[in-house]
2 protein chains.
Amino acid sequence: MDTPTIYDVSRLSGVSTATVSRAFTAPDRVREETRRKVLAAAEALGYQPSAIARAMARQQTDKIAFLICKKDATILDEFYASICEGVMRRANSTSYQLLISTAADWQRTGQSKQIEGVILAGDAEPSLISSFQRQGVAVVLVNHRASGFELPSVVADEQNGARQVIDHLTAYGHRRIALLAGRFSSYITSVRYNAFLTAMQEHGISVDDSGIVMCGRDVESATQASVELLRRPERPTAVFAFNDVLAAGVIKAATRLGLRVPDDVAVVGFDDSSSCTLLTPELSSVHVDCRRMGEICLEQLTALLSGDTEVPRLTVVPVSLRTRASSIRL
Amino acid sequence: MDTPTIYDVSRLSGVSTATVSRAFTAPDRVREETRRKVLAAAEALGYQPSAIARAMARQQTDKIAFLICKKDATILDEFYASICEGVMRRANSTSYQLLISTAADWQRTGQSKQIEGVILAGDAEPSLISSFQRQGVAVVLVNHRASGFELPSVVADEQNGARQVIDHLTAYGHRRIALLAGRFSSYITSVRYNAFLTAMQEHGISVDDSGIVMCGRDVESATQASVELLRRPERPTAVFAFNDVLAAGVIKAATRLGLRVPDDVAVVGFDDSSSCTLLTPELSSVHVDCRRMGEICLEQLTALLSGDTEVPRLTVVPVSLRTRASSIRL
DNA sequence: GTGAAAGCGCTAACAA
DNA sequence: TTGTTAGCGCTTTCAC
C-alpha cells in the first residue's frame, strides 16, 4: 500500500485534516482527547508527515548548508571535519536538514537546492556572501571575518593562543624563537602571523625577519624549510609552527640534522590535532575546540533564522596550550 | 519582489506552464525556438525551478543520506571523512541532495527526513538495514558486509593488503612478525585479522598466539601493549599494526625502549593516513583509496535508484603498500 | 509540439 | 476547539 497521508489519518480519526495537522505542529491548540485520537490513528497507519508537502505549504525548506571554502584537494581535513561534526551534532537536534558541500561545488551545482541559512567555513568570497544575502539566506562565518558585512563570525582566540605559547617558551628561557608560517586561509594566515608578532613584542623580544620562515602547507615543504632554519649559525632554540603538520616537519628536520627535541630545539604547533600524540616526542600544541565552534555556528544560525536580533557579531572561542614533551625540558 | 515562479516565466514567454516545465526537464520535447524563448524569459526573471514543488509533484525527494555507523566520539576520522568526501564529490554532480549524519542521530531524529537511498558506512545493524529496505529505501554498504541481505557492498582488498605487507617484510628477512590488533568495526577487525593469518600461512610462518597482541584503539593503549611486546625475550623483528594510529604507538614504544626503527624493529601500518609522513621515521602503510570507495558507493546507489539491476553485490577496491623508512633498512 | 487542468500532501487564514 | 477551503509551484496525463 502507499504511504499514508494526512487524509488517511483524518478519515480514520474522524477529524479534519486541519486538526490532524495541528495535532502535529501545534499540539496545544488541540483538545487533549482529540490529539490522542489523532496520534493513535497516525500510529496505527504508520503515518509520518511529508516533509516536502510541509515545505511546500509553508514556503520554507527547513534546509541549511555547511559550505567549506577552500581550494585544497582535501576538503575534510581534521580541522574542518571537527567543525563540521559540531555543526552536524547540533543540527540533528533541530528540524533543519543539513547539506554539506564545498563552496566550489555549490556554485557549480547548488542551484535549486534552496536553503534558508548557510555556514561558510574558511575563506568565503565576498561575492558568495552577498549572493546569499541577496537571496535572503542567513549567513554565519567560521574561521573567517568579512569586513563590510553584518553577520556573525565564529573564530578561535588565536591571539591568546600565541601568547600562551610565547609565555610558555620564555618561561623555559627561550629567547630565540622562530616562526614557521605557511599559507592557509587568508584569515588564519594573517591572524596567526600577527598574533605571534604581538606576543613576541609583549615579551620584549625583537623579531628580526630571519626568525620568520615561510613554507608550503605540506610536511615536506616544512621539513626543508626547517632544515635550512636549523642550520643557521644563530639557530633558534624554539620553533613555533603555524599548525601541527608544519610542526611535524620541524621535528623531522631536527631528527635529520641530529638535533634533539626539545633539548636542542623546542617545538610547538597549533590546532592540537590528533597527530600530536602520535609523534615522538609528543607535540605541544594550542588546542582549538573546533567541535564547539561548529556548535556555536549552528546555534547562531538558528537564532538568526528564528528572527533573533541579538546574535553577536563576533564570537571568540577560547583556546589553551597543551604542553607536551616537544617543548618541556625535564 | 518574490522569487519568480513558473507562472511568471509562462506569462513572460507567452507559453503554458507545461511547456516551461518541459523546457527544463525534457528539452527535446520542446521546439528549439520555443525553448529558447522560455530560457530567455527564465534568465530575465532569474527563475530557478523550486526543488520542493518539483519533489511534491513528482512524489520523490531526490534526497540520499550517508550515515556513519560507529560509536566513537569522533565520527569523522580521516578514514570516514575521506569516504565521505568521495560520496560528496559524486553527489554534487547529480541532482541528489546529500544528507550526512550518524546512524544513532538518524534514528533519534531522522523522522520525516524522507530519503530515497542511503549509504551505510561501517557496522550497520541488520535491524537498521531492514528498516530501510522495508521503506523502499535503496541501501549500499561500505566497509561492511551484511549476510542475508541482497545489497551492494564496497570494501577494500584487505587480504591483498596484508599479503603485500608480509611479502615486503619477509623479503627483508623478517620471520618474527607480530600483529598489533585493536577492536574496530566488526568487519574490519575480523577481516584484517584473518588477512594477516592467511598471509603468514602463505609464507609458511607459524603464528603462535604470542605474536598477536590486542589493544585499545588509541595510541596510548597501543604504546603500552607495544612496550610489553617489545620487551619479550623473543622480540619480534617486525610489527604489523591494524592501523596507523596503533603503528605510531609501536614507534613510540620502540623509542621509549631505546630500540631503533626500522633497524631493531620494522613497523608497518594500515590505511596510509596523513600521519604516516608526519612520523619519524615515516611510516610504511597500506594505502586504501577511501575517496574512490565513496565515489563507487554513490555510483552504485544512483544505479540502484535508476532501476539498474546489474549492480554488483560486492566491489573490492585495490590497495597498495606504500613502503617508507619505518620498514626499509638501507 | 503545445495547452488545459488535475493533482501531489500539507498549512493557514477564516468561519463556525 | 474544530472544520472548510484555497493555495504552495511544479509535473503530467490527456486533448488538440
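Letters A, B, ... mirror the listed sequences (proteins, then strands); counts begin at 1. Treat the numbers as computed from the prediction; the structure is a model and nothing was measured.
- Between the side chain of A/Arg22 and the base of D/dG3, at least one donor-acceptor pair of N or O atoms lies under 3.5 Å.
- Taking only side-chain nitrogens and oxygens, A/Ser21 never comes nearer than 4.0 Å to OP1 or OP2 of C/dC10.
- Which of D/dC10, C/dC8, D/dT11 sits closest to the side chain of B/Met56 comes down to C/dC8.
- Under the 3.5 Å distance criterion, the side-chain polar atoms of A/Glu78 are matched with a main-chain donor or acceptor of A/Ser274.
- The side chain of A/Thr17 has D/dT5 as its nearest neighbour among D/dT12, D/dT5, D/dT11.
- Residue B/Thr5 has no polar side-chain atom (N or O) positioned under 4.0 Å from OP1 or OP2 of D/dG9.
- Put simply, CZ on B/Arg54 is 17 Å from C1' on C/dG7, counting in whole angstrom units.
- Nearest nucleotide to the side chain of A/Arg31, out of C/dA5, D/dT2, C/dC10: D/dT2.
- Using a 4.0 Å heavy-atom criterion, one finds that B/Phe24 contacts no nucleic acid atom at all.
- Looking at heavy-atom distances under 4.0 Å, A/Val20 makes no contact with the nucleic acid at all.
- Separating the CZ atom of B/Arg29 from the P atom of D/dT13 is a distance of 9 Å, rounded to the nearest angstrom.
- Side-chain atoms of B/Leu120 and B/His144, non-hydrogen and from C-beta on, never get closer than 4.5 Å to each other.
- Following rounding to the nearest Å, A/Ile52 (CD1) and C/dG7 (C1') show an atom-to-atom distance of 15 Å.
- Protein atom CZ of A/Arg35 is 10 Å distant from nucleotide atom P of D/dT2, rounded to whole Å.
- In the interface, the side chain of A/Tyr7 is paired with the base of C/dC10 through a donor and an acceptor atom under 3.5 Å apart.
- Closest contact between the side chain of B/Ala53 and the listed nucleotides C/dG9, D/dG9, D/dT2 involves D/dG9.
- Dashed line: the shortest gap from a side-chain N or O of B/Gln59 to OP1 or OP2 of D/dT11 is not under 4.0 Å.
- Within the 3.5 Å criterion, the main-chain N or O of A/Ile75 finds no donor-acceptor partner in the side chain of A/Asp72.
- Counting heavy atoms from C-beta outward, A/Val20 and A/Tyr7 have side chains that stay 4.5 Å or more apart.
- Close to D/dT2, at under 4.0 Å from its OP1 or OP2, lies no side-chain N or O of A/Thr19.
- B/Asp8 places its CG atom 9 Å from the P atom of D/dC10, with the value rounded to the nearest Å.
- Checked against C/dA4, D/dT11, C/dC10, the side chain of B/Thr25 finds its nearest nucleotide in D/dT11.
- Between A/Thr34 and the phosphate of D/dT2, there is a side-chain N or O to OP1/OP2 separation shorter than 4.0 Å.
- No more than 12 heavy-atom neighbours from other residues, nucleotides or ligands sit within 6.0 angstrom of CD on B/Glu125.
- Between the P atom of D/dG9 and the CZ atom of B/Arg58 lies a distance of 17 Å, rounded to the nearest Å.
- Between A/Ile6 atom CD1 and D/dT5 atom C1' the separation is 14 Å, expressed in whole Å.
- Side chains of B/Glu116 and B/Thr61: a donor-acceptor N/O pair is present below 3.5 angstrom, by distance only.
- Atom CD in A/Gln60 sits about 16 Å away from atom P in C/dC10, given to the nearest Å.
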